[in-house]
Amino acid sequence: MNNALLEIKNLKTSFRIRDDYYAAVDDVSLTVNKNEVLAIVGESGSGKSALAFSVMGLHNRAKIEGNIYFKDHDLANLPANKLNKLRGDDMAMIFQDPLTALNPLMTIEEQIAETLLLHHKNLSKKKRREKVIDLLNQVGIPRPEHTCDQFPHELSGGMRQRVIIAIAIANDPELLIADEPTTALDVTIQAQILDLINDLKENMNAGIVLITHDLGVVAEMADRVAVMYAGQIVEIADVHTLFANPRHPYTRSLLHSIPNIDGGNDKLHVIQGIVPPLHKLPREGCRFAARIPWIDTSAHETNPELHEIKPGHFVRCTCHNQFYFPDEKKKEEQADGIS
Amino acid sequence: MWKFIVRRLLITLPQIVLLSILVFVMAQMMPGDALTGLIDPNIDPAAIEEQREKMGLNDPWYIQYGDWISSALQGDLGQSFRFKMPVTDLVEQRLINSFWLGLVTLIFTYIIAIPLGITSGRYNDTMRDQLITGYTYIGFATPLFIFALVMLWVGGFQLGWFPTGGSVAPGLEPGTFEYALSKFQHLLLPGLSMALITTVNTVQYLRSEIIDTKQKDFIVTARAKGASESRVYNRHILRNSLLPIAAYFGFEITGLIGGTVFIETIYSYPGMGLLFMDSVLQRDYSVVTAVVLLFGIASILGALLSDIILSLVDPRIRIK
Amino acid sequence: MGFLEVNDLKVHFPIRGGILNRKIGAIRAVDGVSFSIEEGKTYGLVGESGSGKTTTGRAIIGLNHITSGQVMFEGKDLTSKKSKTQHVRKDIQMIFQDPYSSLNAKKRVLDIVAEPLRNYEKLTKIEEKLRVQELLEQVGLNPESILKYPHEFSGGQRQRIGIARAIALKPKLIIADEPVSALDVSVQAQVLNFMQEIQKELNLTYLFISHDLGIVKHMCDDIGIMYKGRYVEEGTKQDIFNNPQHIYTKRLVAAIPDIDPQNRQKQKHLRDEVQMEYQQYYNDYFDNEGLAYRLRNISDSHLVALPEKG
């Protein structure tokens with residue numbers, strides 16, 4: 001049985017900088033299955049948001065190559081009117097900043113009802129309102145009838161994010177893309193929103209793509225994880241494997257650089273150098289090589305590809321086989337010295 | 001919201017009082033007074049002085065101001081020495097004429113500004129947009145009085161499509177259809193001339209509002225809902241961009257006042273602007289004072305109107 | 001006598017309203033906060049948006065008007081008129097949250113970093129340039145880059161420029177307001193490490209304002225938790241993380257995502273439990289206005305806002 005809901009094949013999304021196009025998403029292939037949360041992790045500039053926007057067709061002036069298969073359609077080559085039938089209905093998106101993602105001049109009811117209206121034209125006004133109230137209930141808004149007639153500025157950030165989620169789930173989408181859904185929120189609110197998405201997942205029977213930079217959020221939410229660096233996927237694995245046995249140097253460095261919650265004022269690991277800007281990305285060889293200069297250049301592949309090292313666990317380039325942290329090496333040497 | 005409006009009105013009152021004092025003091029500082037134009041230079045200066053005393057012209061300024069403002073409130077703005085009639089009567093007809101001219105100009109302004117602004121903002125940095133912004137730059141650079149002269153020469157004299165002066169053809173009976181039509185014809189050319197120049201502000205304003213709104217996050221939300229491009233524009237971008245334009249409406253009125261002075265002079269259209277020019281040139285002080293006061297009040301009311309419109313259309317203010 | 005002592009600090013902002021726009025009430029952004037910091041330590045001030053943590057920091061440095069209360073720095077009262085002299089202020093500097101907007105984009109690095117020097121010290125052009133280069137070197141930036149503009153640097157580098165500016169006058173206390181929340185994880189590590197390094201080097205004291213408990217735990221010795229302008233709990237790092245007493249602290253601690261996916265169920269369970277407790281015993285922790293009670297000692301170092309028993 002084919003369980004795939006969304007299949008991205010060799011996707012390349014390029015933006016124009018001055019006179020040339022530069023790929024922010026560079027040859028990405030991914031599958032999202034029904035009933036799973038796939039997390040896409042990366043820092044700013046990794047291309048994770050550009051990937052999400054490509055799937056939803058929300059880029060204005062980008063060049064998109066490759067294929068995005070969803071429900072017998074290729075989203076990468078779909079005319080606008082057909083795309084609009086899918087957006088908000090079969091696939092929906094939750095945005096990062098609840099303070100700006102709602103129209104300040106429309107009531108909450110109007111904004112949620114709009115997405116109902118667009119895909120169910122024959123729904124009466126009364127039915128729409130009922131459905132809106134029902135949705136607000138589902139996302140845990142305390143007084144839905146009252147909130148309906150309010151404007152966004154009258155709600156707190158957490159409440160607005162719930163409204164945005166209500167808009168996204170209004171038509172029971174099969175694919176839900178959440179782009180940093182909790183980054184702009186306070187920790188306790190973040191926990192509530194994550195729990196809400198988790199609860200919805202069980203009832204919705206949807207595939208969820210969770211875009212985030214927060215590894216804690218990934219650990220709590222994801223079934224599978226794809227790590228992106230400089231426009232490419234560098235590692236894919238199920239969540240337990242990724243946290244227990246990360247392979248790619250970038251994944252390992254990221255996990256290494258977050259403060260250990262068990263305390264200790266030890267020095268944090270710092271990844272050398274910076275993520276190069278889009279127009280200066282190296283397009284050949286291992287893109288992470290410059291950040292781990294102590295690793296011998298022969299460790300990298302000339303044309304790094306994703307290798308399946310265990311079923312379902314993919315790692316790009318061969319450099320992970322020889323990777324070690326500089327302080328680990330020191331420890332080894334010390335150990336050698338003692339013995 | 002009513003609180004906001006009441007508060008706004010309360011601010012307007014002292015503004016108008018302050019304005020009237022300012023206008024009065026300026027009038028006082030002008031050489032000559034109400035008597036200067038009335039009297040024969042051959043009369044004995046002592047007699048003039050006596051007359052002055054009688055008219056209260058030697059009183060301290062605040063008493064004179066009190067007299068002036070109390071009679072102004074009763075509708076007495078003094079006598080025009082040139083027209084030899086009460087200023088109030090003189091102003092009344094002119095005010096009505098100027099009102100019509102202003103209205104026609106505003107209608108033209110928006111008829112031009114809204115489609116141009118929308119096109120320019122929606123298709124920014126295309127050929128169409130460049131043509132429209134090109135027009136706005138020309139509009140910014142062209143002095144109104146020169147443009148109005150050119151329009152008068154082309155539309156009035158060369159092509160002969162429009163009347164070249166006055167507010168109505170002579171010999172028509174007020175109240176008849178011909179009279180109204182003639183009135184309207186007299187408004188078209190001055191209104192259009194002024195609108196073509198003053199509208200460029202609004203075009204630019206609307207253009208930048210639309211470009212700004214286009215990039216807002218909630219537009220992405222609307223697209224993600226599956227709204228078509230036309231719906232995104234009509235329901236979200238336009239609605240949100242027109243709001244500041246609506247609020248700008250009051251200030252538009254203020255802007256008209258300066259324009260009418262030129263336009264009415266060039267088209268010899270008997271409105272407040274022409275009256276102002278004539279009175280200044282003729283040193284008809286009581287009229288100048290009255291006209292300046294009315295212009296000032298119109299500006300203040302324009303700003304008031306803008307704020308009230310904004311409070312009505314923007315929910316973020318409406319709530320307070 | 002502590003190094004920095006804050007006593008019953010209150011910062012109220014007026015609410016205006018009515019037809020005449022008169023003051024009709026006050027937002028009690030900071031409502032009776034007291035704490036003290038020892039020299040060379042890092043004190044974490046934690047809370048969510050609207051808790052008053054940033055306002056507290058800004059009030060100490062003089063960016064917010066203090067309604068009442070006292071701020072004592074090395075025994076000098078910063079709130080009294082007399083000591084509003086510049087020399088005390090010079091010992092306290094601030095690092096801001098957003099490295100993208102807190103630096104003037106139109107100024108060169110030289111001018112940005114030299115600004116405090118120009119305010120307090122009279123240096124010749126050459127001396128100034130040397131000092132700035134020295135400072136840039138200290139924060140790990142290329143001293144040659146003094147003529148560059150902020151946009152030519154990455155986020156982490158920009159935050160270092162902000163730090164260079166803050167340490168230019170050799171301050172004793174630095175108030176760091178969410179210094180890494182706008183940065184990526186790897187850059188965050190860089191800045192945090194660096195802050196610890198210069199702390200040792202210059203014997204700095206930090207007031208570290210943050211909403212991120214993970215980072216606070218990593219950086220701080222003592223921690224104060226704020227909620228709606230008041231303290232709900234204060235203690236050492238161990239007190240707060242191993243033995244949280246106030247329900248709000250418990251909620252915060254429970255809300256931190258666990259980095260180990262194995263603990264997912266456990267974590268969810270813990271959160272549900274805390275949420276139950278929160279709903280059930282809310283009235284035991286907050287007064288009629290939903291504000292925290294006064295702090296009471298439960299051990300030498302550990303204070304919790306609980307009602308008087310009786």
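Throughout, protein chains are lettered first and strands after them, A, B, ... in sequence-line order, and every chain is numbered starting at 1. All of these numbers come straight from a predicted model, not from anything done at the bench.
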Q: Are A:Arg129 and A:Asp149 within salt-bridge range, i.e. N to O under 4.0 Å?
A: yes
Q: Should the heavy atoms of other residues, nucleotides or ligands under 6.0 Å from CZ of B:Phe184 be counted, would the total exceed 12?
A: no
Q: Mind checking salt bridge (Lys or Arg N to Asp or Glu O under 4.0 Å) for A:Lys71 and listing every partner two or more places apart, or none if nothing turns up?
A: A:Asp90, A:Glu174
Q: Please determine whether a side-chain nitrogen of the Lys or Arg among A:Lys48 and A:Glu43 lies less than 4.0 Å from a carboxylate oxygen of the Asp or Glu.
A: no
Q: A:Leu117, A:Leu58, A:Thr100, A:Thr115: which one forms the most heavy-atom pairs within less than 4.5 Å of chain B?
A: A:Thr100
Q: Is there a donor-acceptor pair under 3.5 Å between the side chain of B:Tyr269 and the backbone N or O of B:Thr260?
A: no
Q: Within a 6.0 Å radius of atom CZ on B:Phe262, are there more than 12 heavy atoms belonging to other residues, nucleotides or ligands?
A: no
Q: Taking side chain as everything from C-beta outward and backbone as N, CA, C, O, which of these in B:Arg231 sits under 4.5 Å from a heavy atom of chain A? Side chain, backbone, both or neither.
A: side chain
Q: With a 4.5 angstrom heavy-atom cut-off, which part of A:Ala80 approaches chain B: side chain, backbone, both or neither?
A: neither
Q: Checking A:Ile177 against chain B: side chain, backbone, both or neither under 4.5 Å from a heavy atom?
A: neither
Q: State whether the number of non-hydrogen atoms from other residues, nucleotides or ligands found under 6.0 Å of B:Arg8 atom CZ is greater than 12.
A: yes
Q: Heavy-atom distance under 4.5 Å to chain B: side chain of A:Leu102, backbone, both or neither?
A: backbone
Q: Report, in residue-number order, which members of residues 212-221 of chain B are under 4.5 Å from chain A by heavy-atom distance.
A: B:Asp217, B:Phe218, B:Val220, B:Thr221
Q: Suppose a student defines contact as a heavy atom less than 4.5 Å from any heavy atom of chain A. Which residues in residues 185-201 of chain B would they list?
A: none
Q: For B:Arg94, what residues pass the salt bridge (Lys or Arg N to Asp or Glu O under 4.0 Å) criterion, not counting sequence neighbours?
A: none
Q: Looking at A:Leu105, A:Ile164, A:Ile167, which one has more heavy-atom pairs under 4.5 Å with chain B than the rest?
A: A:Leu105
Q: Checking A:Gln111 against chain B: side chain, backbone, both or neither under 4.5 Å from a heavy atom?
A: both
